[in-house]
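The basis for the numbers below is simple: all heavy atoms, side chains too, and nothing from hydrogens, waters or symmetry mates.
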2 protein chains.
Amino acid sequence: MKLLDIGEVAERSGVAPSALRYYEEIGLITSAGRKGLRRQFGPEVLLQLSLITLGKAAGFSLQEIAGMFGKDGQPDLPRDQLHARADALEAQIRELTVLKDALRHVADCPAPSHLECPKFRKLLRAGSITAEV
Amino acid sequence: MKLLDIGEVAERSGVAPSALRYYEEIGLITSAGRKGLRRQFGPEVLLQLSLITLGKAAGFSLQEIAGMFGKDGQPDLPRDQLHARADALEAQIRELTVLKDALRHVADCPAPSHLECPKFRKLLRAGSITAEV
DNA sequence: CTGCAAATTAAAGTCAACTTGAGGTCAAGG
DNA sequence: CCTTGACCTCAAGTTGACTTTAATTTGCAG
């Protein structure tokens with residue numbers, strides 16, 4: 001079984017060695033063992049790091065990510081909680097879509113004040129995040 | 001013209017007073033003036049705060065949000081940069097979708113190790129974020 | 001065997017985005 | 001008029017996620 005040392009994991013995952021040590025310290029990943037002092041990682045860590053990177057990009061904290069996929073890649077949470085998270089993600093996707101549309105609107109609409117443009121306001125209201133204005 | 005004091009803005013926007021002061025300090029929002037010591041906010045600040053909240057949920061820093069919608073709600077960036085941001089958002093939406101599907105898979109797939117499940121790996125590869133594994 | 005690039009640790013530093021605390025001000029209702 | 005609750009400022013503290021630094025140690029190519 002092929003083990004990787006931290007430098008190689010860093011290079012192939014794009015995650016800095018210091019970050020990898022930190023992830024291990026907080027229990028987000030595990031090293032397969034040591035060769036002398038040096039951590040050796042199993043190859044599955046690369047896939048885990050993809051997941052972690054993805055989760056981070058999605059705005060989850062490392063704690064939350066740890067809860068979704070345990071440090072061995074297995075979920076800590078029961079099914080329904082995982083589905084609840086997926087539902088939350090769907091909501092977030094909808095919000096992002098609103099923001100994206102708002103941005104496109106702002107880029108293209110010639111109105112002087114977007115905050116007063118009916119189309120723009122409608123876009124925001126569609127996101128249902130608009131406070132009672 | 002109806003002005004709101006900070007407590008009311010906080011209540012209606014869901015943003016803490018301390019955060020509102022901070023936002024003003026960094027120039028993300030502006031108060032319409034003062035009544036004695038007290039900041040008075042114009043009602044448009046509520047819509048701006050919706051945008052800010054939305055942007056934050058999308059993982060943008062306050063600096064980035066400030067660049068998208070200036071403190072008066074007008075964009076600081078030229079059109080093409082706004083479109084570039086919208087494109088980036090679209091990419092992020094795709095990533096979130098991958099993560100969401102991965103989560104649903106994990107919730108439902110009975111395989112012992114998801115990291116080895118072909119379906120799961122395919123999902124991740126579809127996100128094209130997977131390191132060379 | 002030697003030398004050195006690459007690893008190790010622990011502790012401190014950094015950055016964003018706020019929050020908290022102490023001490024002070026003020027406008028409005030009773 | 002007086003109290004009180006909502007506001008003010010400024011400085012320091014907090015949290016998350018790392019990075020940096022300094023002082024070692026070590027695996028392995030030559």
Taking [atom1] from [X] and [atom2] from [N], how many angstroms apart are they, rounded to a whole number?
| X | N | atom1 | atom2 | answer |
| --- | --- | --- | --- | --- |
| F41(B) | dC7(D) | CZ | C1' | 12 Å |
| L20(A) | dA17(D) | CG | P | 15 Å |
| D5(A) | dT25(D) | CG | C1' | 15 Å |
| R21(B) | dT9(D) | CZ | P | 7 Å |
| E25(B) | dA12(D) | CD | C1' | 13 Å |
| Q40(A) | dT8(C) | CD | C1' | 13 Å |
| Q63(B) | dC18(C) | CD | C1' | 14 Å |
| K35(A) | dA6(C) | NZ | C1' | 12 Å |

ask   = What is the nucleic acid contact for I6(A), judged by heavy atoms within less than 4.0 Å: base, sugar-phosphate only, or nothing?
value =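 Counting heavy atoms under 4.0 Å across all strands, the contact made by I6(A) is with sugar-phosphate only.
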message = Using a 4.0 Å heavy-atom cut-off, does R39(B) contact any base of the nucleic acid, only the sugar-phosphate backbone, or nothing at all?
response =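 The answer is sugar-phosphate, as R39(B) gets under 4.0 Å only of primed atoms, P, OP1 or OP2.
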Do the side chains of [Y] and [X] get nearer than 4.5 Å, heavy atoms only?
| X | Y | answer |
| --- | --- | --- |
| L103(A) | F69(B) | yes |
| L82(B) | D108(A) | no |
| T30(A) | E44(A) | no |

Side chain of [X] only, heavy atoms from C-beta on: which candidate in [options] is closest?
| X | options | result |
| --- | --- | --- |
| L62(A) | dA17(D), dT19(C), dT20(D) | dA17(D) |
| S18(B) | dT9(C), dC18(D), dT19(C) | dT19(C) |
| R34(A) | dT9(C), dT19(D), dA17(C) | dT9(C) |

query = Of G36(B) and K56(B), whose nearest nucleotide on DNA chain C comes first from the 5' end?
reply =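 Closest to the 5' end, via its nearest nucleotide, is K56(B).
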message = Show, in sequence, the C-alpha distance, side-chain angles and deciding distance for R104(B) and E90(A), and conclude whether the salt bridge (Lys or Arg N to Asp or Glu O under 4.0 Å) test is met.
response = CA-CA 11 Å; R104(B) 298 251 192 244; E90(A) 264 168 25; 2.9 Å; yes
query = Ignoring hydrogens and angles, does a donor from either the side chain of R38(A) or the base of dA6(C) sit under 3.5 Å from an acceptor on the other?
reply =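 Pair found.
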key: Atom pair SG (C109(A)) and NZ (K119(A)), whose distance is rounded to the nearest 0.5 Å   =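 Rounded to the nearest 0.5 Å, the SG-NZ separation comes out at 7.0 Å.
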ask   = Can you find a side chain N or O atom of Y22(A) that sits less than 4.0 Å from OP1 or OP2 on dG16(D)?
value =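 So the side chain of Y22(A) is outside the cut-off, no N or O lying under 4.0 Å from OP1 or OP2 of dG16(D).
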message = For A16(A) and L37(A), find the nucleotide of DNA chain D closest to each by heavy atoms; which residue's nucleotide sits nearer the 5' end?
response =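 The answer here is A16(A).
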